[in-house]
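The structure under discussion appears below in the form of structure tokens.
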Amino acid sequence: MESIKITGAREHNLQDVSLSIPRGKLVVITGVSGSGKSSLAFDTIFAEGQRRYMESLSAYARQFVEKIDKPDVDSIEGLSPSISVDQKTFQRNPRSTVGTITEIYDFLRLLFARIGKPFCYKCGVEISAQSLDKMVERLSSLGKGEKISIFSPIVQGRKGEYRKELEDLRSEGYLRVRIDGDIYDLDEEININKNKKHTIELLVDVAVIRSGAMAERIRESLQIALKRSGGVAIVETDKGEKFTFSDKFACPECGMSYPEISPRLFSFNSPYGSCRQCHGIGTMSFCDPDLLIDTDLSISEGAIIPWRNSSYFKQIIENVSEYYKFDLNTVFKKLPSKIKKIVVHGSGDEEVMFYKERKGRVLKYWETYSGVLGITSEWFRETESPEIREKLSQYMRTTTCGECDGSRLRNEALSILIESNSIHNIASMPVENALRFFENLNLTGRDHEIGERVIKEIKSRLRFLDDVGLSYLTLDRSAPTLSGGEAQRIRLATQVGSKLTGITYVLDEPTIGLHSRDNLRLIDTLKSLRDSGNSVIVVEHDEDTIRNADFVVDIGPGAGEKGGIIVSTGGVEKLCRTEGSLTGGYLSGDLSILAPKKRRKPKGSISIKGASEHNLKNIDVEVPLGVFTCVTGVSGSGKSTLVIDTLYNALSHSLYRSKDPIGKHKKISGYKEIDKILNVEQSPIGRTPRSNPATYTGLFSPLRDLFSMLPQSNARGYKPGRFSFNVAEGRCSVCSGHGTEKIEMHFLPDVYVTCERCGGSRYNSETLEVKYNGKSIADVLDMTVSEAHEFFRNVPHLKSKLEVLEAVGLEYIRLGQAATTLSGGEAQRVKLSKELSRRDTGNTIYILDEPTIGLHFDDVRKLLIVIQELANKGNTVIVIEHNLDVIKCADHIIDMGPEGGEAGGQIVAEGTPEKVSKVKGSYTAMFLKKVLSNKSKGKGSH
């Protein structure tokens with residue numbers, strides 16, 4: 001069958017759509033945000049492909065797997081096995097790195113285990129295991145007549161008298177020993193200073209090298225020496241030459257023993273190879289006293305931040321204050337140093353008298369006090385509640401492990417080298433440097449034969465990463481630090497490397513976070529997947545990707561309930577001619593986002609001098625105030641390091657006493673008029689399904705208040721807490737307000753299924769009986785933003801918050817949608833709406849990191865209206881962005897580069913878009929020049 005034929009798809013907002021998608025082609029599904037693209041690509045096509053795979057398993061295997069529901073579709077024909085490469089299902093385990101995800105690190109482990117040269121990490125001597133024949137052969141090469149002494153090291157550099165050891169040697173019939181370089185007869189009395197370090201070596205034999213029987217004698221003597229010492233023999237000649245032999249992987253100089261060199265020695269996820277201190281994480285987490293204690297308050301006012309509002313911790317600290325006689329009402333910073341130390345770090349070995357009431361009796365007992373640090377750390381380690389762990393994590397700091405210096409591995413693994421490089425040295429190189437290292441690696445003989453095929457695989461995978469625009473990433477980069485776009489492109493590179501055919505790949509905006517320069521290389525990668533005999537379906541807004549597609553499906557015309565209809569299918573030319581298609585309008589030029597006719601003039605600037613964090617090259621930057629600034633540049637050029645790590649963290653420290661580490665710089669000045677700085681980034685608005693847009697934006701509290709004021713609530717005595725799914729009285733007792741139940745799948749990832757008792761509503765039946773205009777609290781949470789806006793049009797304080805959510809292009813998301821299901825771009829716009837609903841002072845700095853992620857051309861237009869409005873009020877808006885429509889609308893551009901990684905970190909161009917577009921050597925300028933020169937045929941945005 002030459003096409004995937006879908007009939008009657010109704011998943012989510014899809015309105016009974018039917019279409020045919022050609023197989024073996026690059027297909028782009030596009031449309032405004034929330035129009036139903038993901039519902040078609042992921043929730044229908046991919047979900048049905050996955051379900052059919054599960055159905056193909058044996059009856060025995062299926063008994064371990066929860067039945068997957070069939071998507072709401074009449075039929076899908078011509079579907080091949082499907083693989084989803086999206087942004088949300090990426091493994092965020094800190095033990096995962098770029099190298100482990102792409103399997104490059106597995107090949108590196110194999111390579112180092114087979115051809116790596118071990119060196120002693122203490123004394124730097126090369127280590128190798130030698131056979132007895134090799135040892136005899138080496139000594140025979142000294143020449144006939146050479147006199148040699150064979151020693152067996154018994155003690156090396158340790159304190160003690162060693163009477164028992166010497167007596168044992170004497171009783172075994174040996175005659176002489178060498179102690180600290182001097183020869184002694186074992187018959188004489190030997191006195192050793194037990195307070196000094198000594199080296200004791202047994203003299204096994206003195207022989208002259210000859211052939212025949214003498215060679216056999218040397219062999220036997222070496223065998224005795226090796227056995228007596230546990231694998232090491234020392235041979236010295238009359239000429240002063242010294243040879244150290246070992247039949248194990250042990251340092252012949254210091255005796256440091258080495259384990260078997262196998263791939264697991266280089267695995268930081270195995271106890272065999274991981275650092276003993278950090279257990280392979282590379283970092284250590286600890287409670288930071290600066291984050292735990294507000295020194296401007298007294299303890300009774302809540303100076304111990306995580307202990308506030310806890311009667312349990314209150315009783316503990318009251319006992320401590322009573323024992324050490326200090327006043328809980330004294331401001332913490334005015335307490336004596338000794339008391340502050342005890343409160344924070346504990347009483348040490350000293351026991352404190354504690355008391356607690358039980359059944360009207362006061363029980364007294366003595367025990368040590370662990371301090372705020374110890375108790376909070378133990379609380380963090382032992383709690384099983386994700387909510388509490390998330391809350392306590394804000395008081396934790398992470399530092400590089402002092403034992404392995406962040407390499408994650410034990411010392412033995414780090415001292416095995418290939419061309420003077422350890423496995424960590426290679427893993428910490430950017431992809432482009434690692435590729436260069438392996439291309440220039442010149443192995444010979446046995447090493448070449450063994451390593452050739454492994455190196456070929458490593459180079460192949462490194463090239464795939466380079467092709468998808470990730471040349472600046474290092475192989476040891478931790479998975480949780482990757483953006484959604486980077487994570488997806490890594491998985492894409494892995495799939496290209498797998499060389500599968502006949503697969504349906506479904507991708508979710510793979511161009512996220514990519515500079516225009518790298519787009520075409522990514523598109524070539526997608527085409528190579530297609531040319532390998534696969535069907536590639538991409539959900540995308542990027543113009544280059546749409547224009548390079550073999551087949552385009554446009555869904556719309558609007559978002560949410562106004563979408564879910566197929567507007568156009570076919571080539572790009574057909575889409576451009578389709579009436580009613582917003583996508584076609586922007587592609588044809590009938591619609592466009594116009595650059596403003598006039599650029600704002602700054603009302604001052606913030607001066608950053610000598611910024612040198614990460615790859616920044618000691619740069620000086622002027623950031624204009626009161627205007628809209630875009631920070632641009634290729635991926636990895638230093639944009640986030642400059643704006644977030646340096647500027648934002650420094651101003652947060654100054655304005656809010658933030659404890660986040662500030663990027664290295666010499667001086668930052670010119671921000672005295674700024675009274676607020678906000679970083680609206682893409683991290684999740686919550687790590688558990690309990691978090692949702694309604695709770696995060698503050699919409700849920702007035703919503704619960706509204707329901708609690710209804711007559712039915714008053715009659716039953718329901719308070720606002722009754723309508724919270726975090727409170728036991730109102731929530732479903734089976735799923736505890738989650739709406740889903742976790743099913744363990746044994747050999748597959750856990751699956752969450754809808755709770756049978758509440759049907760996913762989260763509430764018990766009594767709570768759901770209370771209705772406002774015919775809708776329960778669960779019905780309201782299930783509404784989209786646009787539906788809720790219409791429903792609450794007569795409730796001003798709810799209406800205003802909903803209007804802001806609509807303004808940032810989120811009219812299609814549901815109020816109760818779990819935070820974990822939101823993309824990075826959606827989470828960022830929820831945060832933006834929260835900040836926009838607050839009053840601004842005209843002296844606020846807003847920082848947005850790629851806010852156009854997941855946005856259609858028309859949604860970008862809406863977002864720009866919001867950004868321009870903020871700047872019109874005198875605020876400073878700094879946007880890190882690759883989208884050319886946004887860049888051309890900025891008042892000022894700071895272009896970083898010229899490349900990513902070590903080749904970046906410099907200011908390539910500064911000024912208005914018109915000025916920057918004329919700068920030679922800037923990749924941004926090359927593409928900006930084209931969009932500025934394109935004259936609009938139709939409507940613009942401003």
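Predicted model only: the values in this text are computed from it and were never measured.
Checking side-chain atoms of Asp466 against main-chain N and O of Arg463 turns up no donor-acceptor pair under 3.5 Å. Counting only distance, with no hydrogens or angles, the side chain of Lys242 and the backbone of Val235 share no donor-acceptor pair below 3.5 Å. For Arg264 (side chain) and Tyr272 (main-chain N/O), no donor-acceptor pair under 3.5 Å exists by modelled atom type. For Glu899 (side chain) and Gly904 (main-chain N/O), no donor-acceptor pair under 3.5 Å exists by modelled atom type. For the pair Thr641 (side chain) and Asp645 (backbone), a donor-acceptor distance under 3.5 Å is absent. Between the Tyr174 side chain and the Ser171 main chain, no donor and acceptor come within less than 3.5 Å of each other. For Ser270 (side chain) and Ser267 (main-chain N/O), no donor-acceptor pair under 3.5 Å exists by modelled atom type. Panel note: side chain Thr383, backbone Trp379; no donor-acceptor pair is recorded below 3.5 Å. A donor-acceptor pair under 3.5 Å is absent between the side-chain atoms of Thr283 and the main chain of Cys401, judged by distance alone. A donor-acceptor pair under 3.5 Å is formed between the side chain of Asn615 and the backbone N or O of Gly901.
Ser149 has its side chain within reach of Leu203: a pair of non-hydrogen atoms, C-beta onward, lies under 4.5 Å apart. Between Lys239 and Glu146 the shortest side-chain heavy-atom distance falls below 4.5 Å. Looking only at side-chain heavy atoms (C-beta outward), Leu373 and Leu292 come within less than 4.5 Å of each other. Contact check for Val98 versus Leu470: no side-chain heavy atoms found under the 4.5 Å cut-off. Proximity of Glu165 to Ile200: side-chain heavy atoms (C-beta onward) are nowhere separated by under 4.5 Å.
Under the 4.0 Å criterion applied to side-chain N and carboxylate O atoms, Arg410 and Glu403 are not assigned as salt-bridge partners. A salt bridge does not link Glu236 with Lys147: every distance from a Lys NZ or Arg NE/NH1/NH2 to an Asp or Glu carboxylate oxygen is 4.0 Å or more. The pair Arg446-Glu449 does not count as a salt bridge, with every side-chain nitrogen at least 4.0 angstrom from each carboxylate oxygen. A salt bridge is defined here as a Lys NZ or Arg NE, NH1 or NH2 lying under 4.0 Å from an Asp or Glu carboxylate O, and Glu161 with Lys196 fails to meet this definition. One finds no salt bridge joining Arg114 and Asp447 here, because no Lys/Arg side-chain nitrogen approaches an Asp/Glu carboxylate oxygen to under 4.0 Å. The pair Glu457-Arg461 meets the salt-bridge criterion, since a charged nitrogen lies less than 4.0 angstrom from a carboxylate oxygen. Lys164 and Asp168 are joined by a salt bridge, as a carboxylate oxygen and a charged side-chain nitrogen come within less than 4.0 angstrom of each other.
Arg176 forms no cation-pi arrangement with Tyr184, by the criterion of a distance under 6.0 Å to the ring centre and an angle within 45° of the ring axis. Cation-pi geometry between Arg109 and Phe266 is not met at under 6.0 angstrom from the ring centre and within 45 degrees of the axis.
With 3.5 Å as the limit, one finds a donor-acceptor pair spanning the side chains of Ser141 and Arg138. Residues Ser96 and Asn93 bring no donor and acceptor atom of their side chains to less than 3.5 Å of each other. Judged purely by distance below 3.5 Å, without hydrogens or angles, the side chains of Tyr323 and Glu351 never pair a donor atom with an acceptor atom. In summary, the side chains of Asp405 and Ser407 do not present any donor paired with an acceptor at a separation below 3.5 Å, with no hydrogens or angles considered. Residues Arg381 and Ser377 bring no donor and acceptor atom of their side chains to less than 3.5 Å of each other.
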For Tyr369 and Ile375, run side chain to side chain contact (heavy atoms under 4.5 Å, CB included): C-alpha distance rounded to whole Å, both residues' side-chain angles, the deciding distance at 0.1 Å, then the answer.
CA-CA 9 Å; Tyr369 164 65; Ile375 293 171; 3.8 Å; yes
Starting from the C-alpha separation in whole Å, work towards a yes-or-no answer on ring-ring contact (aromatic ring centres under 6.0 Å, His included) for Phe286 and Tyr395.
CA-CA 8 Å; Phe286 63 96; Tyr395 309 115; over 10 Å; no
Test side chain to side chain donor-acceptor pair (under 3.5 Å) on Glu167 and Tyr162 and set out the steps.
CA-CA 9 Å; Glu167 185 58 44; Tyr162 299 106; over 6 Å; no
Dump the intermediate steps for side chain to side chain contact (heavy atoms under 4.5 Å, CB included) on Val431 and Tyr472, then the final yes or no.
CA-CA 6 Å; Val431 164; Tyr472 59 93; over 6 Å; no
Trace of the side chain to side chain contact (heavy atoms under 4.5 Å, CB included) decision for His279 with Arg95
CA-CA 10 Å; His279 305 293; Arg95 290 191 173 278; 4.0 Å; yes
Apply side chain to side chain contact (heavy atoms under 4.5 Å, CB included) to the pair Leu108 and Leu475, showing each step before the final yes or no.
CA-CA 11 Å; Leu108 279 178; Leu475 295 177; 4.1 Å; yes
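Smallest separation of non-hydrogen atoms from Leu462 and Phe438: CD1-CD1, 4.0 Å. The two atoms that bring Gly406 and Thr400 nearest to each other are N-CG2, 3.4 Å, heavy atoms only. Across Asn421 and Phe112, no two heavy atoms sit closer than the pair O-CE2, 3.4 Å. Annotation for Val204 and Ser221: closest pair CG1-O, 3.6 Å, computed over non-hydrogen atoms. Val454 and Phe107 make their closest contact through CG1-O, 3.3 Å (heavy atoms, listed as atom of the first residue, atom of the second, distance). Shortest non-hydrogen contact noted between Thr376 and Cys287 is CG2-SG, 4.0 Å.
Other residues, nucleotides and ligands contribute at most 12 non-hydrogen atoms within 6.0 Å of the NZ atom of Lys197. Within 6.0 Å of atom NZ in Lys341, 12 or fewer heavy atoms from other residues, nucleotides or ligands are found, so the atom counts as exposed in its surroundings. Residue-environment remark: CZ (Arg219) exceeds the threshold of 12 foreign heavy atoms within 6.0 Å. In the displayed structure, Arg163 atom CZ is contacted under 6.0 Å by at most 12 heavy atoms of other residues, nucleotides or ligands. Within 6.0 Å of CD on Glu189 lie no more than 12 heavy atoms contributed by other residues, nucleotides or ligands.
For the side-chain contact (heavy atoms from CB on, under 4.5 Å) test with Leu202, the passing option among Leu166, Leu175, Val177, Ile150 is Val177; the others fail.
We find the CG-CZ distance between Asp288 and Arg397 to be 4.5 Å, quoted to the nearest 0.5 Å.
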